[in-house]
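Data first, discussion second: the structure below is written as structure tokens.
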2 protein chains.
Amino acid sequence: MTTTIKRRDAGVSLFHALSDVTRLEIMERLKEGEQCVCDLTDALKTGQSRLSFHLKVLKDAGLITDRPEGRWTYYALNREGLEELEAVVQALRGSRPRVGSSSRCR
Amino acid sequence: MTTTIKRRDAGVSLFHALSDVTRLEIMERLKEGEQCVCDLTDALKTGQSRLSFHLKVLKDAGLITDRPEGRWTYYALNREGLEELEAVVQALRGSRPRVGSSSRCR
DNA sequence: TGTACGGATCAACGAATGTTGATTACTCAT
DNA sequence: ATGAGTAATCAACATTCGTTGATCCGTACA
């Protein structure tokens, strides 16, 4: 199915975006609510360039949104992205946990 | 919290394990039920060494289990791993979607 | 016991990722 | 207009990850 493939690709980029400690920390911080980059550099004690890189990865995956305002840019969790993530994860659960379905090894 | 850190590390390895097309394909195949490596090499039309590598990543992350029997090794989804994955994903959902909580940028 | 098969492991290589520091662009206050 | 502050982008480099082919190990069957 095309939709299966699409979900697979979406899965890859979602999972990849979350497969990094720094990015998971960012997500945890954003659970507290919208934050600007300077909040995050303080909180995570890391360089601005590095943070910007990771924020971009999360944003490209659709997991967070940015809202530039004046000199600052505010980042927040993206509910849609998280819902898609949940959908992908749900799809991983074996629909039929059939036992002994293995076929041709004799 | 230590538990938070633990969940974060678990998250990193779970997400990393799933951040690859081949490995997602393997997971999809295993939804059909237990399969031996030869089933999978056929199905995915790929080399045995490559497959073995990816199976190991999934297994190390706790997402699948192996059951050697005779000359064959059967792989299957690991329900516990998938449940942990779901737990990690649930934990990502913002508990409080507070708006305007951003603090110190003036 | 020997040989054929399934599968894990290893070394070597190339590709993709993450890090760092410098530069750039934009906004605000003076 | 100038200078200071915020954040994105870039180039260079280091590290990690995935691929491939060879080799090794264990099991089964002659």
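Each chain gets a letter, A, B and so on, in the order its sequence line appears, and its residues count up from 1. Predicted, not measured: the structure shown is a model, and the values here were computed from it. Basis for what follows: all heavy atoms, side chains included, without hydrogens, waters or symmetry-related copies.
Remark: B:R67 engages B:E34, B:E69 in a side chain to side chain donor-acceptor pair (under 3.5 Å) (not counting sequence neighbours). A:H16 is linked by a side chain to side chain donor-acceptor pair (under 3.5 Å) to nothing, counting only residues two or more places apart in sequence or in another chain. With sequence neighbours left out, B:E80 forms a side chain to side chain donor-acceptor pair (under 3.5 Å) with no residue at all. By the side chain to side chain donor-acceptor pair (under 3.5 Å) test, B:S13 is found to be paired with no residue, residues two or more places apart in sequence or in another chain being considered. A search for side chain to side chain contact (heavy atoms under 4.5 Å, CB included) contacts involving A:T46 returns A:L44, A:R50, A:L51, not counting sequence neighbours. Among residues two or more places apart in sequence or in another chain, the side chain to side chain contact (heavy atoms under 4.5 Å, CB included) test is passed with B:D66 by B:K59, B:T73, B:Y75.
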Please list, pair by pair, any protein nitrogen or oxygen found under 3.5 Å from a nitrogen or oxygen in nucleotides 24-30 of chain D.
none

With the criterion being N/O to N/O and under 3.5 Å, what pairs connect the protein with nucleotides 16-21 of chain D, and how long is each?
residue, atom, partner, partner atom, Å
D:dG18, OP1, B:R23, NH1, 3.3
D:dG18, OP1, B:R23, NH2, 2.9
D:dT19, OP1, B:R50, NH1, 2.3
D:dT19, OP2, B:R50, NH1, 3.3
D:dT19, OP2, B:H54, NE2, 2.4
D:dG21, O6, B:S49, OG, 2.7

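Put simply, A:Y75 has no side-chain N or O that comes within less than 4.0 Å of OP1 or OP2 on D:dT6.
Residues A:I64 and A:M27 form a side-chain contact, since some pair of their non-hydrogen atoms from C-beta on lies under 4.5 Å apart. Contact of the A:L85 side chain with the A:L18 side chain is registered, since non-hydrogen atoms from C-beta on lie closer than 4.5 Å.
Computed from coordinates, the A:K56 NZ to C:dT17 P distance equals 13 Å when rounded to whole Å. What separates CD of B:Q48 from P of C:dA8 is a distance of 7 Å, to the nearest Å. Put simply, OH on A:Y74 is 11 Å from P on D:dT6, counting in whole angstrom units. If you take CG of B:L55 and C1' of C:dG7, they are 10 Å apart, rounded to a whole angstrom. In this entry the distance linking CG of B:L40 with C1' of C:dA8 reads 15 Å, nearest Å. Distance, A:D66 CG to C:dC26 P: 16 Å, rounded to whole Å. Counting to the nearest Å, the C1' atom of D:dA8 and the CG atom of A:L58 are 16 Å from each other. Regarding B:R67, its CZ atom lies at a distance of 17 Å from the P atom of C:dG6, rounded to whole Å.
When heavy atoms are screened at a 4.0 angstrom cut-off, A:T73 is found touching the sugar-phosphate backbone but no base atom.
Applying the salt bridge (Lys or Arg N to Asp or Glu O under 4.0 Å) definition to pairs two or more places apart or across chains, those involving residues 14-27 of chain B are A:R8-B:E25.
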